[in-house]
Amino acid sequence: MFQKIFNQCMIDGVFPKPWKRARLVLLRKGNKPADQPLSYHPLCMLDTTGKLFERIVCNRIEEALDKERTGLAENQYGFRKGRSTIDAIQRVLTEVTEAGAGTIYQRQLCVLVTLDVANAFNSASWAEIINAMRNKNVPNLTRLIQNYFRDREIKYSEEHEAVQLSSGVPQGSVLGPLLWGVMYDSLLTTETPEGVTMMGFADVVAIIGRAWRIEHLEEIISEFLRIANEWIISKKLRLALHKTEAVMLTRKRAYHKPTFVLGDQQITTKNSLRYLGVEIDTGRRFAMHEKIVGAKATKTAQAFSRILLNVGGSTTSKRKLLTSVVHSQFLYAAPIWAPALGYRPDRNVQIKRDTAKHIKSAQRIMALRVSRAYRTVSYEAAILISSMIPIKLLAEERCIAANSHDKRQAYKEARKCSLCEVDIDDSNHTLFECDAFENWRRQLYGELGCQLTTGNMIGIMLGEKKTWHLVSPYINRLMEHKCEAERMRKVEVERRRESDNQ
């Protein structure tokens with residue numbers, strides 16, 4: 001039933017009106033003033049069936065963008081598969097590292113400026129999104145997106161009538177983030193002055209400027225800030241000027257603090273700024289980040305300690321479950337800050353001072369609650385008794401996992417069939433698709449009297465002894481041939497490497 005409804009909606013380019021009605025739920029942002037509208041996150045509670053259809057449309061748009069050369073920019077990291085906040089932060093720090101490479105006389109001055117759009121998702125112009133869809137060559141879905149926006153309404157209480165909307169993408173929808181990214185993409189593809197690089201994540205833009213002299217750095221950053229501000233105004237948006245911050249990311253000392261111009265305001269550099277949840281300081285030591293995150297985690301741990309009494313109370317398993325909440329707070333982006341604090345799995349670093357004392361304090365509180373110990377018990381003893389993993393090992397584990405993920409991604413991208421050069425080489429390709437084994441495959445199917453598939457292969461092999469002795473040698477021959485081809489490929493790669501070195 002759903003399939004027929006969804007297919008008809010796609011054919012007609014219609015998004016049914018009942019799926020456009022939303023119920024507004026407001027979530028307060030921390031301890032911000034309760035009487036201020038901007039102190040709340042507006043979430044839209046939408047129809048579940050409509051969100052299923054949004055997922056189908058979202059996948060179609062992503063496929064269309066991937067096929068077109070006018071797809072999303074490479075420097076857009078928000079709401080994209082295989083990309084995360086950690087990737088965006090790492091890209092920024094890589095640019096900074098390249099600027100500071102070499103001897104002291106070869107290093108460039110580097111600054112990081114972050115821009116944030118005020119009330120971004122609620123202010124996005126529908127007309128600008130439709131124009132961006134047309135520019136991205138997604139004509140088959142543009143008509144559906146136009147209907148998706150038409151007659152949208154939101155209800156914020158039972159006593160009041162629903163309100164018609166005229167702009168914005170629903171926060172809580174499936175399509176909203178992607179449609180925002182399509183519109184915002186034209187900013188990320190804007191030509192930048194030489195020495196300026198930018199990265200985007202949702203509505204936040206990180207601008208990295210590199211120059212030999214402060215005067216030149218001020219000139220190129222102020223020029224790009226003017227370009228970015230003009231683009232934002234042209235899209236009927238506005239910058240959150242109080243969130244626009246800058247920090248010098250250099251270890252040079254002989255320079256004066258730069259000042260950048262944005263409209264009629266001047267932006268001066270700070271000692272640190274918060275980018276995607278990580279506090280980045282001038283020396284990239286992340287001491288301020290550790291202090292802020294440690295204080296936040298300690299506050300959570302203290303709240304838990306009031307309900308986790310030493311006598312009676314929750315079981316040990318429940319206490320450890322609550323401990324994972326505290327761990328998740330201070331382990332966010334560990335691959336970014338852990339190496340700077342000396343937590344590196346690739347070498348043994350002797351730390352002269354306790355670089356993570358605030359984080360350890362939060363973990364110690366939870367360890368005492370898990371072990372039901374007195375508050376005079378030391379950190380090391382509490383961790384041992386509660387069978388918890390020390391923060392150092394947890395951070396190193398996150399670093400190893402991140403490196404392993406990068407290696408797996410590189411391996412997956414470089415992995416091709418050594419016999420037919422197909423991009424995806426897996427067991428399904430080897431057994432049923434590889435052209436190199438087509439003759440053997442036809443011979444086997446003729447003897448079996450049927451064609452092998454992933455669904456019937458096990459049943460056929462286990463059905464009779466005869467079929468087992470037909471399929472098993474076929475698989476052995478394939479694997480032997482495959483291993484030999486892979487061995488020859490590695491020999492060829494090694495030979496080319498040696499010739500390049502010579």
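Everything numeric here is computed off the predicted structure, so don't read it as measured data. Below, all heavy atoms of this structure are taken into account, side chains as well, without hydrogens, waters or symmetry copies.
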Does the pair Val377 and Leu368 meet the rule for a side-chain contact (heavy atoms from CB on, under 4.5 Å), with working shown?
CA-CA 8 Å; Val377 176; Leu368 292 176; 3.9 Å; yes
Between Arg398 (side chain) and Tyr332 (backbone), is there a donor-acceptor pair under 3.5 Å?
no
Can you check ring-ring contact (aromatic ring centres under 6.0 Å, His included) on Trp337 and Phe330, steps first, answer last?
CA-CA 10 Å; Trp337 55 261; Phe330 59 67; 7.8 Å; no
Is any side-chain heavy atom of Arg369 less than 4.5 Å from a side-chain heavy atom of Ser386?
no
Taken to the nearest 0.5 Å, the spacing of Arg28 CZ from His41 NE2 works out to 12.0 Å
To the nearest 0.5 Å, what is the distance between OG (Ser272) and NZ (Lys291)?
10.5 Å
Is the shortest side-chain heavy-atom distance between Gln171 and Asn122 below 4.5 Å?
yes
Can you check side-chain hydrogen bond (donor to acceptor under 3.5 Å, both in side chains) on Trp19 and Thr49, steps first, answer last?
CA-CA 8 Å; Trp19 299 347; Thr49 308; 5.0 Å; no
Using a strict 4.0 Å threshold on nitrogen-to-oxygen distance, state whether Arg210 and Glu98 make a salt bridge.
yes
Side-chain (Tyr40) to main-chain (Ala34) donor-acceptor, under 3.5 angstrom
yes
Please walk me through it: do Val205 and Asp116 pass side-chain contact (heavy atoms from CB on, under 4.5 Å)?
CA-CA 7 Å; Val205 175; Asp116 199 336; over 6 Å; no
Do Ile214 and Met248 have side-chain heavy atoms sitting under 4.5 Å apart?
yes
Write down the atom of Leu237, the atom of Ser123, and the distance for their closest heavy-atom approach.
CD2-O, 3.5 Å
Side chain to side chain, Thr250 and Arg107, heavy atoms closer than 4.5 Å:
no
Contact between Gln363 and His327 at the side-chain level, heavy atoms closer than 4.5 Å - yes or no?
yes
Rounded to the nearest 0.5 Å, what separates atom CG in Leu239 from atom CD1 in Ile232?
3.5 Å
Contact summary for Ala297 and Gln329, nearest pair of heavy atoms
CA-OE1, 3.3 Å
Run the side-chain hydrogen bond (donor to acceptor under 3.5 Å, both in side chains) check on Glu245 and Tyr275 step by step: do they pass?
CA-CA 10 Å; Glu245 299 178 311; Tyr275 176 58; over 6 Å; no
Face-on cation placement of Arg364 at Tyr379 ring, 6.0 Å and 45° thresholds
no
Got a second to check how far Asn229's CG is from Leu225's CG, nearest 0.5 Å?
8.0 Å
Gap separating the NZ atom of Lys51 from the SG atom of Cys58, nearest 0.5 angstrom
12.5 Å
Just checking Glu194: does its CD atom have more than 12 heavy atoms from other residues, nucleotides or ligands closer to it than 6.0 angstrom?
no
Do NZ/NE/NH1/NH2 and the carboxylate oxygens of Glu62 and Lys81 come within less than 4.0 Å?
yes
Checking Ser222 side chain against Glu219 main chain: does a donor-acceptor pair fall under 3.5 Å?
no
Answer yes or no: is there a side-chain heavy-atom contact under 4.5 Å between Lys155 and Arg21?
no
Taking Ser314 for its side chain and Lys318 for its backbone only, find out whether a donor-acceptor pair lies under 3.5 Å.
no
Might you confirm whether atom CG of Leu26 has over 12 heavy atoms from other residues, nucleotides or ligands at distances under 6.0 Å?
yes
Smallest separation among heavy atoms of Ile365 and Ser305, with atom names:
CG2-CB, 4.2 Å
Under 6.0 Å from the CD atom of Glu191, do we count more than 12 heavy atoms belonging to anything else shown?
no
Should the ring pair Phe15 and Tyr148 be called parallel, tilted or perpendicular, given that the plane angle runs from 0 to 90° and is split at 30 and 60?
perpendicular
Can you name the nearest heavy-atom pair linking Val247 to Ile280, along with the distance?
CG2-O, 4.2 Å
So which atom in Asn75 and which in Leu188 form the shortest heavy-atom distance, rounded to 0.1 Å?
ND2-O, 3.2 Å
Between Val174 and Glu54, what is the shortest heavy-atom contact and its length?
N-OE1, 3.1 Å
Carefully, step by step, assess Glu218 and Thr259 under the rule side-chain hydrogen bond (donor to acceptor under 3.5 Å, both in side chains).
CA-CA 6 Å; Glu218 291 176 331; Thr259 302; 4.7 Å; no
OG1 (Thr244) and CZ (Phe260) are apart, to the nearest 0.5 Å, by 12.5 Å
Centres of the Phe149 and Trp126 rings: under 6.0 Å?
yes
As a quick check of understanding, evaluate side-chain contact (heavy atoms from CB on, under 4.5 Å) for Arg238 and Ile233, giving each step before the final call.
CA-CA 6 Å; Arg238 62 184 179 86; Ile233 293 173; over 6 Å; no
Answer yes or no: is there a donor N or O on one side and an acceptor on the other, between the side chain of Asp87 and the main chain of Ser84, under 3.5 Å?
yes
Indicate yes or no: does Lys136 engage Asp185 in a salt bridge with an N to O separation below 4.0 Å.
yes
Would you call Met133 and Ile61 a side-chain contact if the rule is heavy atoms closer than 4.5 Å?
yes
Quick test of your reading of the model: are Glu153 and Lys20 salt-bridged, counting only N-O distances below 4.0 Å?
no
Atom CZ of Arg372 with >12 non-hydrogen neighbours under 6.0 angstrom
yes
Salt-bridge criterion met for Glu223 and Arg226 (N-O under 4.0 Å)
yes
Please examine the side chains of Arg319 and Phe304, heavy atoms only from C-beta on, and report whether any two atoms are closer than 4.5 Å.
no
Distance-only, no hydrogens or angles: does the Ser39 side chain make a donor-acceptor pair with backbone N or O of Pro33 under 3.5 Å?
yes
Is the Phe121 ring parallel, tilted or perpendicular to the Trp180 ring (thresholds 30°, 60°)?
tilted
side-chain contact (heavy atoms from CB on, under 4.5 Å) between His358 and Thr298, intermediate numbers included:
CA-CA 8 Å; His358 300 92; Thr298 299; 5.8 Å; no
Would you say Lys299 has more than 12 foreign heavy atoms packed within less than 6.0 Å of its NZ?
no
Determine, for Arg91 against Glu74, whether the closest basic-nitrogen to carboxylate-oxygen distance falls under 4.0 angstrom.
no
